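Each remark here refers to the structure printed beneath this line.
Atoms within a ligand are numbered from 1 in the order they appear, just like the ligands themselves. Keep in mind the model is a prediction, meaning the values are calculated, not measured.
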Amino acid sequence: MRADGTIYARSIRKAFGSKPVLKDIDVDIASGEVCCIIGPSGSGKSTLLRCLNGLETVDSGVLKVNGEHFGYDETPAAYHAVSRKRLAEQRTRIGMVFQQFNLFPNMTAQENIMAGPVLVKGADKRQAATQAQELLASVGLRGFGDCYPAQLSGGQQQRVAIARSLAMDPQIMLFDEPTSALDPEKVGEVLAVMQDLARKGMTMVVVTHEMNFAREVSDSLLFMDDGCVVERGDAREVLGNPQEGRTQAFLEKVL
Ligand SMILES: Nc1ncnc2c1ncn2[C@@H]1O[C@H](COP(=O)(O)OP(=O)(O)OP(=O)(O)O)[C@@H](O)[C@H]1O
C-alpha cells in the first residue's frame with residue numbers, strides 16, 4: 001500500500017444555498033487509520049465524505065488529502081483553486097464506495113474493474129485484466145468476472161464496487177453507508193472485505209450505521225449532528241462512554 005493516506009481538514013464550511021450543512025469541521029485522519037462517521041440523517045455525513053473526494057467543493061477552510069491541498073491551495077489572502085487537471089489526478093488516489101454500488105450495468109464485473117485503469121490511466125488491457133482477476137479473488141469473487149451486475153447479489157455487487165475502487169490503487173478509501181442497501185444476510189460479507197482492507201493498513205473513512213463494525217474495526221469514531229462534529233475519539237470509548245448529551249441520545253436510539 002502506498003503512503004501518505006492522510007486527511008487534514010480545518011474549519012471546513014459548506015452550504016447549499018442559504019443552508020449551512022458543514023459548520024467549521026475539523027478532521028485529522030492518520031495513515032492507516034479507520035474512522036467511522038455516525039450521526040442522524042441530515043447531519044452532513046455524506047456531504048463531508050463528498051468534500052473529501054472532491055465531489056463537492058468546500059466553501060472555506062483548509063483541506064489536505066494525501067498531504068496535498070485538495071480543491072484549494074492555501075494562501076494568506078485567498079483560496080486559489082487547484083487546477084482541474086491536478087484535482088482529477090489527486091482524485092484517482094481516493095476510492096469511493098456508495099450505498100447503491102453504482103456499477104456500470106452493461107459491463108461485466110471484470111470490465112467494471114478494468115474500466116478505471118484502462119480508460120483513466122491508460123493501462124495495458126492484458127495487465128488490467130490480470131489485476132481485475134486478482135482483485136476479484138481478493139474480495140471472494142474468483143470466477144465471477146464474466147457476470148453482469150444484474151446477475152450478482154447486492155453483496156457481490158458491492159464487493160465488485162470495492163474491487164473497482166481498489167483497481168485505481170487508492171491511498172484512501174471512503175465508504176458511504178456501503179451496507180445500507182443490502183439484505184441483512186449479505187452485510188457480513190461486505191464488512192469482512194472492509195475489515196480485511198483495514199488489516200492491510202488502508203486509510204478508511206466509513207459513514208455507517210453498523211455499530212459493531214465501528215466498535216470492532218475502527219480506530220476512531222466521529223459523531224456528527226447538525227453539520228458539526230459533536231464528539232470524536234477512540235471508537236470503543238465513544239460508543240461505551242459518550243461524553244456529550246447529543247451523542248448519548250443518538251446512541252440510545254441506535255444501540
Ligand atoms: N446537493 C444538495 N443540494 C441541496 N441540499 C443538499 C444537497 N446535498 C445534501 N443536502 C442537504 O444537506 C443536509 C445534509 O445532507 P447529507 O446527505 O450530508 O446528510 P447525512 O448525514 O449523510 O444524511 P443521511 O444519513 O440521511 O444520508 C441535508 O439537509 C440535505 O438535504
Side-chain angles (χ1 to χ4, degrees), residues 7-29 34-63 65 70-72 81 84 87 91 94-102 154-155 157-158 161-162 165 172-184 186-187 190-191 194 203-215 217-218 220-233 235 238-239 242 244-255:
I7 295 173
Y8 170 93
R10 284 293 172 281
S11 305
I12 294 296
R13 290 185 187 194
K14 172 78 186 171
F16 290 112
S18 60
K19 182 181 163 63
V21 173
L22 299 178
K23 307 171 185 171
D24 271 330
I25 299 277
D26 293 345
V27 178
D28 285 288
I29 295 175
V34 179
C35 174
C36 280
I37 303 178
I38 61 170
S41 181
S43 55
K45 307 180 298 293
S46 293
T47 304
L48 175 58
L49 218 56
R50 291 166 64 81
C51 287
L52 295 182
N53 88 337
L55 281 173
E56 302 283 358
T57 52
V58 301
D59 295 336
S60 64
V62 177
L63 181 57
V65 181
F70 192 69
Y72 294 91
R84 288 168 76 101
L87 189 60
R91 287 191 63 200
I94 306 163
M96 181 127 174
V97 174
F98 300 87
Q99 185 175 337
Q100 295 295 346
F101 329 133
N102 295 2
Q157 288 186 60
Q158 193 59 300
I162 294 172
S165 285
I172 295 172
M173 286 285 286
L174 309 176
F175 294 85
D176 194 357
E177 301 196 25
T179 58
S180 295
L182 300 179
D183 293 335
K186 306 292 184 195
V187 169
V190 171
L191 294 180
M194 292 168 61
T203 305
M204 293 164 55
V205 185
V206 186
V207 173
T208 187
H209 299 294
E210 292 293 330
M211 296 301 159
N212 285 337
F213 178 84
R215 187 183 292 107
V217 180
S218 67
S220 58
L221 190 81
L222 206 141
F223 171 68
M224 286 184 71
D225 191 21
D226 192 24
C228 300
V229 175
V230 174
E231 187 161 351
R232 184 202 166 127
V238 175
L239 289 173
E244 301 289 336
R246 278 193 277 176
T247 322
Q248 284 169 12
F250 175 77
L251 290 176
E252 273 166 24
K253 279 192 219 151
V254 299
L255 285 179

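- Residue, atom and distance of the protein heavy atom nearest to atom 27 (O) of ligand 1 are Glu177 OE2, 3.7 Å.
- Shown in contact with Pro40 at under 4.0 Å from a heavy atom are these atoms of ligand 1, numbered in order with element: 21 (O).
- Here the closest non-hydrogen pair linking Phe70 and Leu52 is CE2-O, 3.6 Å.
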Let me check something: any side-chain donor-acceptor pairs from residues 245-252 under 3.5 Å, sequence neighbours excluded? List them with distances.
from, atom 1, to, atom 2, distance (Å)
Arg246, NH1, Asp225, OD2, 3.3
Thr247, OG1, Glu231, OE1, 2.7
Gln248, NE2, Pro242, O, 3.0

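- Closer than 4.0 Å to atom 31 (O) of ligand 1 lies none of the heavy atoms of the protein.
- Less than 4.0 angstrom separates some heavy atom of Ser41 from each of these atoms of ligand 1: 23 (O), 24 (P), 25 (O), 26 (O).
- Annotation for Arg13: atom CZ does not count as buried by contact number, only 12 or fewer foreign heavy atoms lying within 6.0 Å.
- Of the N or O atoms in Glu56, none lie within a sub-3.5 Å distance of an N or O in ligand 1.
- Within the 4.0 Å heavy-atom criterion, both parts of Thr47, backbone and side chain, lie near ligand 1.
- For the atom pair NZ (Lys23) and CE (Met224), the distance works out to 10.0 Å, reported to the nearest 0.5 Å.
- At under 3.5 Å, not a single nitrogen or oxygen of His209, backbone or side chain, sits near a nitrogen or oxygen of ligand 1.
- Heavy-atom contacts of Lys45 reach the following atoms of ligand 1: 18 (O), 19 (O), 20 (P), 21 (O), 22 (O), 23 (O), 24 (P), 25 (O) (cutoff under 4.0 Å).
- Between Met194 and Phe213 there is a side-chain heavy-atom pair separated by less than 4.5 Å.
- For the pair Ser11 and Asp26, the minimum side-chain heavy-atom distance is below 4.5 Å.
- For atom 23 (O) of ligand 1, the closest heavy atom belonging to the protein is Gly42 N, 2.8 Å.
- Each of Val58, Leu55, Leu22 was scored for a side chain to side chain contact (heavy atoms under 4.5 Å, CB included) with Thr47, with one residue passing: Leu22.
- Ligand 1 has Lys19 within reach: a non-hydrogen atom of the residue lies less than 4.0 Å from it.
- Nearest non-hydrogen protein atom to atom 12 (O) of ligand 1 is Val21 CG2, 3.3 Å.
- Using modelled atom types, no side-chain atom of Lys45 and backbone atom of Phe223 make a donor-acceptor pair closer than 3.5 Å.
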Show me, pair by pair, the donor-acceptor contacts under 3.5 angstrom made by side chains of residues 173-184, not counting sequence neighbours?
from, atom 1, to, atom 2, distance (Å)
Asp176, OD1, Ser46, OG, 3.3
Asp176, OD2, Ser46, OG, 2.9
Glu177, OE1, Ser180, OG, 2.9
Glu177, OE1, His209, NE2, 3.4
Glu177, OE2, His209, NE2, 3.4

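- When hydrogens are left out, the protein atom nearest atom 11 (C) of ligand 1 is Phe16 CD1, 4.1 Å; that is the closest non-hydrogen contact.
- Heavy-atom distances between Gly17 and ligand 1 stay at or above 4.0 Å for every pair.
- Among all heavy-atom pairs drawn from Ala235 and Ala214, the shortest one is CB-O, 3.4 Å.
- The distance criterion of under 3.5 Å between nitrogen or oxygen atoms is met by Gly44 with respect to ligand 1.
- Across Gly227, Ser46, Ser180, Ala15, heavy-atom proximity to atom 17 (O) of ligand 1 is greatest for Ser46.
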